[in-house]
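It should be emphasised that the depicted structure is a prediction, and the values quoted were computed from it without experimental measurement. Sequence lines set the chain letters: A, B, ... in the order given, protein chains first and strands last, and positions in each chain run from 1.
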Amino acid sequence: MRLSTLFTQTYREAPAEAELISHQLAMRAGLIRPLAAGIFSYLPLGFRVKQKIEQILREEMLAIDCAEIVMPVVHPSDIWEASGRWSDVGAEMLRLKDRAGRDMCLAMTHEEVMADLARHFIHSYRQLPTSVFQIQTKFRDEPRSRGGLIRVREFTMKDAYSFSADQDGLDKIYGDMFKAYLMVFNRAGLGDDIRVVESDTGMMGGSGAHEFMFLNDAGEDTLIECGGCGYKANRQVATHQREKVEADAPEAIEEVATPDTTTIEDVCRLLDVSADRTAKAIFHIARIEDEDRFVFSVLRGDHELNETKLTNAIKATEMRPSTEEEIRAIGSEPGYGSAVGVKADVLIVVDTAIAEGTNFVAGANKDGFHLKNVNSGRDFTPDLATDLVAVDAGMPCSHCGTSLTTTRGIEVGNIFKLGSKYTDAVGASVLDENGKAVPLVMGSYGIGVDRLLACIIESNHDENGIVWPVAVAPFSVHIVVLAGKQPKGELEAAEKLKCELEASGVDVLIDDREERAGVKFNDADLIGCPVRITVGSRGLENGTVEVKRRAAEEKEDVAVDDVVKHVGSTLGN
RNA sequence: CGGGGCGUGGCUCAGCCCGGUAGAGCGCCUGCUUCGGGAGCAGGAGGCCGAAGGUUCAAAUCCUUUCGCCCCGACCA
């Protein structure tokens, strides 16, 4: 391609709203252009990178016998109603009506369509296990898109789906996908920055999941890691080792005056107790089985609530913090809440530490008073006792006791063991070797292409611009032509070189613009192709051109006749 | 959905508090000079100041409403 007529432009400055390096560079290099919040056009350079990423994805999927298909972006509501997600998923799904008034939606994922396809095309265990993938647009109406390409509303996803007759078949493909994903991230140049963690299954449902996290301080997810045994999990599901509780004999409950003492910190100071001897209350309104319930969670004062764990424990589809009015309505008091004596229809969920411990300081459900020696089971009856703790740095690992650490990460891929939720919903089953119908066991595996592109920039740039890994660079070679007002064949020499390189299978961007050298060099650095070749009169007089790798400082004069060979070996390294 | 910020030419921004009919740099076009790391000079194109309404002789500027965008939080693959 010729830069002079390429449909793009570079910018000296990034738009003010771009905060992440990847966003700034993608804008400055002219890879993308926003149309609306979280909705982008890909310009030629950006699109080429996207295509190269997609090609890697294709190759790695095909390598594990996963065939490519394409499913629709607009779906009728009925398949989503069958799986229950038409109502389970909220405003994140963009819904619309067709001219006949039928409910439709834009695809946020494709489990429903996939299960429907499986119903039609998979009939026998002999066809299993099998899998297919697609590279397709998804739309999720995020309440808040941000970070350039990191979190968008319209995006491209490589999503794969597997089917098997039993758990063993699922485990095999799940393992294949796991390995294929690591291959993808390695080839994309992110190998060292990827961590695989255990994760929540979220709206997908299912029995197990892993996320592939790109380590980055701007990440939206918190990863919990153990340096001792290698345990890694998303904070949403991470567990920690509970210390042994020495169960004191329950003592008599006692009310104490604690005016203006609404925080755990204040209570501890006033009553001279440590935070782990207190019980705190957290209030939510949760939608459970299509009913709004008041959920009263109780945790030890030194612990934070993990909302994902709570949501999963009570099987809520939606949850929000309650208002002060709602708290008073159940007989409690903001800042002085405890489960002692709250209304009967309140769902009381306590953390294990509260259920097993004794004699906690808790609120008295009235302004200015707390209770001493509160005991779960004696003073109130929990509906559920489970792990609700948000694991933090410094807590002991649940497997080996080593102090855990936290890291921030961006989720670039995920793999889910879905089970038969979606296949059951559409009646997709197969006959096993005994002629008996068994449900299809499904898995789903996603990689966000745009997000992957952004992460590649995040980990491959310097102060001058992007430094693309060869595998995903928009072009392998960027030829800078330096011709003055009295050209001496520089452009012709460069064009000839371009043809020769292209003939050898190397893609070339040629900067044939009438710009000064500085402008061209700076744009070349910004765009970040792996190899830069400068063709100017200075070298041509000696029959050479200058070759420089984007990732290195050194420049090399190479005889024109040797350039193709030289570039070939450079790119091969 | 809560909190905060911002909408002035393609990009970065000034002007707004204290109303008087729009500016700078970069980019773009033309010419001359320059020519291996974001050149200089001269000339030029381009903006109903996000939109609507109001106040006023007069609104980018003040008031109201609205739309859009960004950031933090809530939420979420």
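No N or O donor and acceptor, one from the side chain of A:Arg12 and one from the base of B:G37, sit under 3.5 Å apart. Taking only distance into account, the side chain of A:Gln9 never meets the base of B:G27 through a donor-acceptor pair shorter than 3.5 Å.
Between the side chains of A:Glu111 and A:Thr109, a donor-acceptor pair is found at a separation under 3.5 Å.
Of the listed nucleotides (B:C11, B:C76, B:A39), B:A39 has the atom at the smallest distance from the side chain of A:Val519. Of the candidate nucleotides B:C11, B:C69, B:C76, B:C76 has the atom lying nearest to any side-chain atom of A:Glu142. Nearest to the side chain of A:Arg538, among B:G36, B:C28, B:A39, sits B:G36. Minimum atom distance to the side chain of A:Asp523 is reached by B:G38, of the listed B:C11, B:C76, B:G38. For A:Glu515, the side-chain atoms get nearest to B:C28 when compared with the rest of B:A39, B:C71, B:C28. Residue A:Glu13 places its side chain closer to B:G25 than to any other of B:C70, B:G10, B:G25.
Taking the nucleotide of RNA chain B with the nearest heavy atom to each of A:Glu17 and A:Ile150, the more 5' of the two is matched to A:Glu17. Between A:Gly539 and A:Glu211, the residue anchored nearer the 5' end of RNA chain B, judged by the nucleotide with its closest heavy atom, is A:Gly539.
Nearest approach of A:Ser162 to A:Ile173, heavy atoms of both residues: CB-CG2, 3.5 Å. Of all heavy-atom pairs between A:Met319 and A:Ala286, the closest is CG-CB, 3.9 Å.
Nucleic acid contact class of A:Thr311 (heavy atoms, under 4.0 Å, all strands): none. Counting any heavy atom pair closer than 4.0 Å across all strands shown, A:Ala16 reaches sugar-phosphate atoms only and no base atom. When heavy atoms are screened at a 4.0 angstrom cut-off, A:Pro34 is found touching no nucleic acid atom at all. A:Ala18 comes within 4.0 angstrom of no nucleic acid atom, judged by non-hydrogen atoms across all strands. Using a 4.0 Å heavy-atom cutoff across all strands shown, A:Arg153 reaches no nucleic acid atom at all. At the heavy-atom level, A:Thr534 lies under 4.0 Å from base atoms of the strands shown.
For the pair A:Arg513 CZ and B:C29 C1', the computed distance is 17 Å after rounding to whole Å. In this structure, CG of A:Asp557 is placed 15 Å from P of B:G36, rounded to the nearest angstrom. Following rounding to the nearest Å, A:Arg532 (CZ) and B:G36 (P) show an atom-to-atom distance of 13 Å. A straight line from CG of A:Asn414 to P of B:C76 spans 16 Å, rounded to a whole angstrom. Atoms CD (A:Glu304) and C1' (B:A74) sit 15 Å apart, rounded to a whole Å. Rounded to whole Å, atom P of B:C35 lies 19 Å from atom CG of A:Asn522. Nucleotide B:C28 holds its P atom 11 Å from the OH atom of A:Tyr11, rounded to whole Å. Between the CD1 atom of A:Ile282 and the P atom of B:A74 there is a distance of 14 Å, rounded to whole Å.
Taking the P atom of each, B:G10 and B:G46 are spaced 12 Å apart, rounded to whole Å. Taking the C1' atoms as reference points, B:A52 lies 24 Å from B:G15, given to the whole Å. Remark: the separation of the C1' atoms in B:G5 and B:C13 is 16 Å, to the nearest Å. For the C1' atom pair drawn from B:A14 and B:G25, the interatomic distance equals 11 Å after rounding to whole Å. Comparing the same atom, P, in B:A59 and in B:G50 gives a spacing of 15 Å after rounding to whole Å. B:G19 and B:C62: their C1' atoms are spaced 8 Å apart (whole Å). For the C1' atoms, the distance from B:C16 to B:U30 is 36 Å, rounded to whole Å. The separation of B:U61 from B:G53, taken at their P atoms, amounts to 14 Å, rounded to a whole angstrom.
Pairing of B:G38, defined by two Watson-Crick or G-U wobble distances under 3.5 Å, is not identified with any nucleotide. With both pairing distances under 3.5 Å, B:U12 is matched to B:A24 as a Watson-Crick or G-U wobble pair. With both pairing distances under 3.5 Å, B:G19 is matched to nothing as a Watson-Crick or G-U wobble pair. Here B:G43 sits opposite B:C29 as a Watson-Crick or G-U wobble pair (both hydrogen-bonding atom distances under 3.5 Å). Nucleotide B:G2: paired with B:C72 (Watson-Crick or G-U wobble, both distances less than 3.5 Å).
OP1 and OP2 of B:G38 both lie 4.0 Å or more from every side-chain N or O belonging to A:Arg516.
More than 12 heavy-atom neighbours from other residues, nucleotides or ligands sit within 6.0 angstrom of CG on A:Asn542.
Rounding to the nearest 0.5 Å places CD1 of A:Ile79 at 7.0 Å from SG of A:Cys105. Considering CD1 of A:Ile457 and CD1 of A:Ile21, their distance stands at 10.5 Å, rounded to 0.5 Å.
Of the residues A:Phe185, A:Tyr445, A:Phe212, the one that meets the ring pair (Phe, Tyr, Trp, His ring centres under 6.0 Å) test with A:Phe178 is A:Phe212.
Aromatic ring orientation, A:His210 versus A:Tyr174: tilted (interplanar angle from 30° to 60°).
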